[in-house]
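In what follows, chains are A, B, ... by sequence order, proteins preceding strands, each numbered from 1. Heavy atoms only: backbone and side chains are in, while hydrogens, waters and symmetry mates are out.
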Amino acid sequence: MTTPTQHAKQATSVPKPAHIEPIVGRYLHMDVDGQPQRIYFEEAGQGIPLVCLHTAGADGRQYRHMLCDETVTSRFRVIAFDLPWHGKSYPPLGWEQNEYQLTTDRYVAIIMAFCQALDLQAPALIGCSIGGRIVLELANRYSDYFSALIGVEAADHQQPWYDTSWLNRPDVHGGEVCAALVSGLVAPQSPAEYRHETLWQYMQGGPGVFRGDLHFYRVDSDLRGRLGGIRTDLCPLYLLTGEYDFSCSPEDTERTAAGIPGAQVTVMREVGHFPMSENPAQFRRYLLPVLDRIHTDAKA
Amino acid sequence: METTHDQDAGATLARRFIAKAQGYARPRRCNVEMLVRFGATPVHVSVRDGRVRQAAVITLPLDSWDFGLSADADAWQRFWAPVPAPGWHDIFALSKRGALRIDGNLQPLMANLQFVKDLVALGREDA
């Protein structure tokens, strides 16, 4: 119980200022293949544009730590957007009539439309998981547009380890099973707070969205033998893979890189498939040297 | 062929698992009958309303269960290491490398996947 003296002290004490993060979120309208899309994105910082692509079935919140890291945002304009159907980006008009399936061409079109809508000049781009896979395709098609590409948990192909039909069926809770499946891709060393925050996003995904993303991953983007157009002399390609990722394993990334002259691979210790969200402190140990290189190259 | 040493190791792991699984509970409506096989030692676990009601080595023939997780003693020991090595840290990592078999009716497993994952990880030593 508060005494009158304590109550008086509380009333006259100076309130502690609220901690407000530097992240700003906005909505952008753009067309993709003639279809209007309302895209949510968050950004912070200034300098070289750094576009961030989230994993399948998740959203741009995965990059919240990078967006608040002054070592990054003092040199980079970090921009993370939610793919259509994800996070705070609604599905397009008429979505209820269709099953969501991401394709390689569609994914590329969304990314390029977003970059062009913001009129980004020579942006760098980082993508994780499906975002890492599409980084390889972007490197293949658009080495002359991006200033650097970072593929996190990226490979041209990987062996499936479960049947994706479990992700969307009436007798299994989609959010729970999506999170439970990917929980094993988080490294045991990752802090519990960030492990569960990462999994919460999977619990929040729309029905069938994770599975629809995996249509791109499993069916439509086997890039083995199809990456001959990559020019790392024009656009450096950095590949960072966590040692605890058994979905896109370090061996998958190393095999992929072996076929791309100039690709630079780093295997990250004590992280899994979601480095930027599951263990941001550990991830930045590997990310910052890459960003230093990109920043230095931009000044040269 | 499994040696006496392997059988002993499996039985030891089964005892450890049973001791830890007794009374394990989570707030969810999970009702499953599951087999967890430690080498040659099978353990039947009954879960009612999110609580382990029984966990015991199967001694009678024709035991009935929904789904089973089976691995040899070495795989379980690696999985239960205080900080398991990459590729030995999750049942699907083990499954992908062929060190753990998942069979039976998978619907009850997938509908309660995190519960089951947390349950079978109970044998993990403290880091």
Novice: Of all of A/Glu176, A/Arg169, A/His173, which one pairs up most often with chain B through heavy atoms under 4.5 Å apart?
Specialist: A/Glu176
Novice: Looking at CG of B/Asp118 and OG of A/Ser183, how far apart are the two atoms once the value is rounded to the nearest 0.5 Å?
Specialist: 7.5 Å
Novice: Between atom CH2 of A/Trp166 and atom CG of B/Leu106, what is the distance when rounded to the nearest 0.5 Å?
Specialist: 5.0 Å
Novice: Checking heavy atoms, do the side chain of B/Ile91, its backbone, both or neither come under 4.5 Å from chain A?
Specialist: neither
Novice: Heavy-atom pairs under 4.5 Å with chain B are the metric here; pick the option from A/Ser247, A/Ala179, A/Ala180, A/Pro160 that has the most.
Specialist: A/Ala180
Novice: Just give me the residue among B/Pro86, B/Ala111, B/Pro108 that pairs up with chain A most often, heavy atom to heavy atom, under 4.5 Å.
Specialist: B/Pro86
Novice: Non-hydrogen atoms of chain B under 4.5 Å away: do they reach the side chain of A/Ser249, the backbone, both or neither?
Specialist: neither
Novice: Return yes when atom CZ of B/Arg101 has more than 12 non-hydrogen atoms of other residues, nucleotides or ligands closer than 6.0 Å, and no otherwise.
Specialist: no
Novice: Kindly compute the distance separating OH (A/Tyr162) from CZ (B/Phe92), expressed to the nearest 0.5 Å.
Specialist: 9.5 Å
Novice: Report the option among B/Arg97, B/Gln114, B/Met110 that has the most heavy-atom pairs separated by less than 4.5 Å from atoms of chain A.
Specialist: B/Met110
Novice: Measure from the side-chain N and O atoms of B/His89 to the backbone N and O of A/Gly184, and report whether any donor-acceptor pair falls under 3.5 Å.
Specialist: yes
Novice: What are the two closest non-hydrogen atoms of A/Tyr244 and B/Pro84, and how far apart are they?
Specialist: OH-O, 2.6 Å
Novice: Less than 4.5 Å to any heavy atom of chain B: does that hold for the side chain of A/Gln189, its backbone, both, or neither?
Specialist: side chain
Novice: Would you say B/Arg53 has more than 12 foreign heavy atoms packed within less than 6.0 Å of its CZ?
Specialist: yes
Novice: Looking at A/Asp171, is its backbone amide N or carbonyl O close enough to the side chain of B/Gln107 to form a donor-acceptor pair, meaning the two atoms are under 3.5 Å apart?
Specialist: yes
Novice: Considering only heavy atoms and a distance below 4.5 Å, find which of A/Pro250, A/Gly242, A/Pro188 pairs most often with chain B.
Specialist: A/Pro188
Novice: Tell me, side chain or backbone of B/Arg28 under 4.5 Å from chain A's heavy atoms, or both, or neither?
Specialist: side chain
